Amino acid sequence: MPTFTKDTTLNNIAEKVYQNQRLSFDEGVYLFKHAELGFVGSLANYIREQKHGNYTYFNKNFHIEPTNICVFDCKFCSYSRAIRERSTYDAWEMSEQDIYDKIKSYEGKNVTEVHIVGGVHPKMGLHYFATLIKNIKTIRPDIHIKAFTAVELEYMCRKAGVSYEEGLQLLKKAGQNSLPGGGAEIFNEEIRSQICKDKCSSEEWLQIHETAHRLNMPSNATILYGHIESYEHRVEHMERLRNLQDQTKGFNAFIPLKFRNTGNDMAHVPECSVIEDLRNYAISRIFLDNFSHIKAYWPMIGRNIAQLSLAFGVDDIDGTVDDSTKIYTMAGAEEQTPVMTTEQIIELIKQVGRNPVERDSVYNIIKDYGMETCPA
Ligand code: V47
Ligand code: SF4
């Protein structure tokens, strides 16, 4: 077994990784507190290549954000507007027809997924969204609909007076296929009460994902990191996800989201460094042994760091995205026009010596692009 460092605890952790053994909470925290980027990077890359070789996944998708009107007031959110601000220039509410027109604008284009999330609008409820999903599926029967964070779902179900199971069953019957990973933020309730106090609790977030998995609706999971949380909070968050994944196996990907501080009530909190972003990807890859995929969301982190992340445990960079709306751009994300053509995404992956693979929303391979034109 190679020795990486003089630190015996780190060497023991490395040995566990090479023997496919699960790390404990304390070991996860130890990595965050004591391991350098090179150390965690090489362990994460080992796991990534064990699981996926050189494959780097992406899909052809686009986003719809029906509204940024929101009943909640998360301190880190740059994009939501209260209902009383609905007539201000930067608030929007798409009509049903706007949404159908957007779906129709992709006619003849071989996108495979639409990602629908937005603010939690007081007037757009469960039955409204069930009809919307049903009509989208009529217009575009082949498309995979990944929609509604657990935060939106908790509110919809509560307002409609139905259980999570009843609400999700209705949406599934209408044509919703899976759930995105948003709204998880940081599960620790003390931190949650400081950054997003009104919205669904960590327990509710986990219950909704557990219910979805039971109904055969897979989902993703996120973490919002790099603000006022501690390393213990990050590991606690991942441990709770790892426990649920042991039970359900319903999570596809884990998506770390870097806190961005432009235009929100946490603008005084500095953003973390690129080194910390990469360490966070790597430690996620090492700790979440039962998650198949770690995703770098390139519109948020930028194309260059997304490329770098592929050497630090990441195997998925989301998709072509075509996001004309604003959740990240308003928070200061790298990409002001988050859209890449398939050719650009393939080039981005090949440039760093990885093998681009187009996938569908549940990671069936659609096309393997090989590695024939590798970088200089
Ligand atoms: O939950 C909001 C985050 C999330 C900020 O499942 C911010 O494939 C950083 O979850 N700085 C929603 N992050 C988006 C999301 C997502 C994105 C891409 C793919 C998938 C998927 C899911 O956006 C929110 C919140 O954590 N967010 N504001 C901010 N200032
Ligand atoms: Fe609303 Fe989501 Fe923004 Fe929170 S993060 S205020 S729930 S849109």
Side-chain angles (χ1 to χ4, degrees), residues 57-59 61-63 65-83 85 91-92 113-122 124 144-156 177-187 191-192 195-200 205 209 212 217-227 229 237 251-267 269 271-272 277 293-301 306 316-319 321 323 325-335 338 359 361-363:
Y57 302 93
F58 70 95
N59 74 348
N61 61 353
F62 64 102
H63 285 218
E65 286 166 20
T67 182
N68 68 339
I69 301 290
C70 190
V71 298
F72 298 122
D73 183 22
C74 303
K75 299 291 166 230
F76 54 80
C77 184
S78 317
Y79 126 117
S80 69
R81 296 292 174 263
I83 188 89
E85 300 171 300
W92 73 87
E113 176 187 280
V114 56
H115 179 152
I116 308 174
V117 290
V120 180
H121 194 292
M124 295 178 185
H144 178 108
I145 302 181
K146 179 171 77 177
F148 313 128
T149 64
V151 174
E152 293 166 276
L153 290 164
E154 186 279 329
Y155 185 81
M156 276 182 223
N177 302 95
S178 65
L179 275 56
E185 321 312 357
I186 280 283
F187 287 149
I191 299 296
R192 241 179 146 68
I195 66 172
C196 54
K197 69 175 163 39
D198 308 324
K199 73 182 186 191
C200 81
W205 191 99
H209 283 256
M217 296 170 89
S219 69
N220 291 329
T222 56
I223 183 171
L224 180 71
Y225 70 93
H227 44 91
E229 88 289 3
H237 187 95
F251 289 115
N252 282 328
F254 181 64
I255 312 163
L257 295 170
K258 176 197 182 94
F259 163 68
R260 308 306 303 242
N261 68 4
T262 301
N264 55 49
D265 291 347
M266 289 169 69
V269 177
E271 292 180 2
C272 70
D277 294 327
H293 303 283
I294 305 292
K295 186 196 278 193
Y297 188 59
W298 67 263
M300 180 57 105
I301 204 92
D316 185 300
I317 55 168
D318 201 86
V321 174
D323 186 354
T325 47
K326 307 192 181 84
I327 190 160
Y328 307 106
T329 48
M330 285 166 84
E334 299 307 315
E335 299 286 336
R359 59 164 177 85
S361 301
V362 290
Y363 291 85

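Index from 1, following the sequence. Hydrogens, waters and symmetry mates play no part in the numbers below; they use all other heavy atoms, side chains included. Fair warning: this is a prediction, and the values are worked out from it, not measured in the lab. Indexing begins at 1, ligand by ligand and atom by atom, following the structure's order.
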Could you tell me whether the side chain of Ser80 and the main chain of Gly119 form a donor-acceptor pair under 3.5 Å? no
Plane angle bin for Phe187 and Trp205 - parallel if under 30°, tilted between 30 and 60°, otherwise perpendicular: tilted
Taking distance alone, with N or O pairs closer than 3.5 Å, would you say [X] contacts ligand 1?
X: Lys199; result: no
X: Leu257; result: no
X: Thr222; result: no
X: Ile255; result: no
X: Phe259; result: no
X: Lys146; result: yes
X: Asn220; result: yes
X: His115; result: no

Contacting atoms of ligand 1, where contact means under 4.0 angstrom from a heavy atom of [X]:
X: Pro180; answer: 6 (O)
X: Gly182; answer: 1 (O), 10 (O), 15 (C)
X: Met300; answer: 9 (C), 11 (N), 13 (N)
X: Asn264; answer: 30 (N)
X: Gly183; answer: 1 (O)

Might you point out which heavy atoms bring [X] and [Y] nearest each other, and give the distance in Å?
X: Phe148; Y: Leu153; result: O-CD1, 3.5 Å
X: Trp92; Y: Pro66; result: CD1-O, 3.7 Å
X: Ala91; Y: Ile69; result: CB-CD1, 4.1 Å
X: Arg192; Y: Gly183; result: NH2-O, 3.1 Å

Any chance you could measure Asp318, atom CG, to Asn59, atom CG, to the nearest 0.5 Å? 6.0 Å
In this structure, CG of Asn252 is separated from OH of Tyr57 (nearest 0.5 Å) by 11.5 Å
Ring pair (Phe, Tyr, Trp, His ring centres under 6.0 Å) between Tyr363 and His293, intermediate numbers included: CA-CA 9 Å; Tyr363 291 85; His293 303 283; 3.7 Å; yes
[X]: numbered ligand 2 atoms lying under 4.0 Å from its heavy atoms:
X: Cys70; value: 1 (Fe), 6 (S), 7 (S), 8 (S)
X: Cys77; value: 3 (Fe), 5 (S), 6 (S)
X: Phe76; value: 5 (S)
X: Tyr79; value: 8 (S)

Can you see whether His121 engages Thr67 through a side-chain donor-acceptor pair at a distance of less than 3.5 angstrom? no
Please state which part of Phe76 comes within less than 4.0 Å of ligand 1, counting heavy atoms only: side chain, backbone, both or neither. both
Sorted by chain and residue number, the salt bridge (charged side-chain N to carboxylate O under 4.0 Å, His left out) partners of Asp73 (sequence neighbours excluded) come out as Lys75
Check each heavy atom of Cys74 against ligand 2 and say whether those closer than 4.0 Å belong to the side chain, the backbone, both or neither. both
Between ligand 1 and Lys258, can you find any atom pair, the residue atom being a heavy atom, that is separated by under 4.0 Å? yes
Could I get the full list of side-chain hydrogen bond (donor to acceptor under 3.5 Å, both in side chains) partners for Asn177, not counting sequence neighbours? Lys137
